[in-house]
Trainee: 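Structure in structure tokens, see below.
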Amino acid sequence: MSTSTATDTAASTPEGPEIEVRGLYKSFGDNEVLRGIDLEVRQGEVVCVIGPSGSGKSTLLRCVNLLEEPTKGQVFVGGTEVTDPDVDIDAVRRRIGMVFQQFNLFPHLTVTENLTLPQRRVLRRDKAEAARVAAENLERVGLSEKATAYPSSLSGGQQQRVAIARALAMGPEVMLFDEPTSALDPELVGDVLAVMRVLANEGMTMMVVTHEMSFAREVADRVVFMDGGVIVEQGAPAQVIGDPRHERTRHFLSRLLDPARAEVPEETEETSDQVGKADQ
Ligand SMILES: Nc1ncnc2c1ncn2[C@@H]1O[C@H](COP(=O)(O)OP(=O)(O)O)[C@@H](O)[C@H]1O
Ligand SMILES: [Mg+2]
């Protein structure tokens, strides 16, 4: 499902990365949040980014689509340098779909209208074409029957699938997901992950910040573990999740699998030791 736009520039050979991050730094005031990130995502690759809260995962995604301006470094998407000061930011953003933890649907618009509005405003599609693409993408996420519903009548999982369909309706080359299931009740998580799994199988290039380790294990081509604004390790899911090389990764994963350990700081020597390390 790759697109032809990737061939627009000489820089993007078929083997070239779809997303390339080089020496990326980002500070907010004195707070240096990203401290030298180098990362490549190939066309059709699914990269899951994991790491503790505050490690810079959202900031990294937001720098890829220029919702944040990097302090230093370069980002390329489909061979185009998006950090070039002369770049057409709107054109870049059209190539990148983003799905957030909060779905950000317009409450006063129907599901279909939520999908057609950005197509008409940003891509200047006519009404019939926008409606056709909306219907096609609602079907993709299994929500054709909700076309005329309002967001408030949908479950959180359904709203998130609408948000995914809205992003897909713009025809992105790349999809960025920032903890797309973190706001959902546990029983609704599976349907959203199923949609993402289908997208991955269709060959969409995806960067996914998630705490869903079973999804990362099954769907990711690569898992990237971030801590303190750097990539601590990356590799095949079975390696990073199943047999991490670094103590920080092991510690993060053990807390994720057994959160209670982190919540009883001084009960045992073992847990207090672990919690102490987490704060560094
Ligand atoms: N717009 C912002 N202004 C100031 N600080 C920010 C902003 N966005 C993020 N931060 C800070 O950057 C750090 C990393 O945040 P974030 O990228 O959201 O981490 P993560 O997604 O891994 O939890 C945090 O300390 C956060 O407070
Ligand atoms: Mg985040």
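Just so it is clear, the structure is predicted and the values come from calculations on it, not from any experiment. Whatever order the structure lists them in is the order used to number ligands and atoms, beginning at 1.
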Trainee: For S55 and ligand 1, answer yes if some heavy atom of the residue is under 4.0 Å from a ligand atom, otherwise no.
Mentor: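 A heavy atom of S55 does come that close to ligand 1.
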Trainee: Going by heavy atoms in the side chains, are E173 and T205 under 4.5 Å from each other?
Mentor: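 In short, these two side chains do not touch, never coming nearer than 4.5 Å.
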Trainee: Decide whether V64 and M98 are clustered together by the hydrophobic rule: side chain heavy atoms of Ile, Leu, Val, Met, Phe, Trp, Tyr closer than 4.5 Å, transitively.
Mentor: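 In one cluster with V64: M98, yes.
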Trainee: For atom 25 (O) of ligand 1, what is the nearest protein heavy atom, given as residue, atom name and distance?
Mentor: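 In this structure, atom 25 (O) of ligand 1 has N31 ND2, 3.5 Å as its nearest protein heavy atom.
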Trainee: Please test E81 against T83 for side-chain hydrogen bond (donor to acceptor under 3.5 Å, both in side chains), starting from the C-alpha separation and ending with a verdict.
Mentor: CA-CA 5 Å; E81 186 188 346; T83 38; 2.8 Å; yes
Trainee: Where is the nearest protein heavy atom to atom 3 (N) of ligand 1: which residue, which atom, and how far?
Mentor: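 For this ligand atom, the closest protein heavy atom is F28 CD2, 3.4 Å.
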Trainee: Just which atoms of ligand 1 are under 4.0 Å from any heavy atom in P52?
Mentor: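 Matching atoms, with element in brackets: 22 (O).
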Trainee: Quick one, I89 and R93 - any side-chain contact, counting heavy atoms below 4.5 Å?
Mentor: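 A side-chain contact under 4.5 Å exists here.
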Trainee: For atom 19 (O) of ligand 1, what's the nearest protein heavy-atom neighbour? Residue, atom name and distance, please.
Mentor: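 Heavy-atom neighbour on the protein nearest atom 19 (O) of ligand 1: G56 N, 3.3 Å.
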Trainee: Got the closest protein heavy atom to atom 18 (O) of ligand 1, with its distance?
Mentor: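 Scanning the protein heavy atoms, the shortest distance from atom 18 (O) of ligand 1 goes to S58 CB, 3.6 Å.
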Trainee: Among all protein heavy atoms, pick out the one at the shortest distance from atom 16 (P) of ligand 1; state its residue, atom name and that distance to 0.1 Å.
Mentor: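 In this structure, atom 16 (P) of ligand 1 has T59 OG1, 3.7 Å as its nearest protein heavy atom.
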Trainee: Do me a favour and list the nearest non-hydrogen protein atom to atom 22 (O) of ligand 1 with residue, atom name and distance?
Mentor: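 So the nearest neighbour among protein heavy atoms is K57 NZ, 2.8 Å.
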Trainee: Of all the non-hydrogen atoms in the protein, which one sits nearest to atom 23 (O) of ligand 1, and at what distance?
Mentor: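 In this structure, atom 23 (O) of ligand 1 has G54 N, 2.7 Å as its nearest protein heavy atom.
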Trainee: In the protein, which heavy atom is nearest to atom 12 (O) of ligand 1, and how far is it?
Mentor: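 That would be V33 CG2, 3.0 Å.
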Trainee: Report the protein N/O/S neighbours of the Mg ion (ligand 2) that fall below 2.8 Å; do not count waters.
Mentor: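 The answer is S58 OG.
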Trainee: Any side-chain heavy atom of E32 within less than 4.5 Å of one from Y25?
Mentor: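 In contact.
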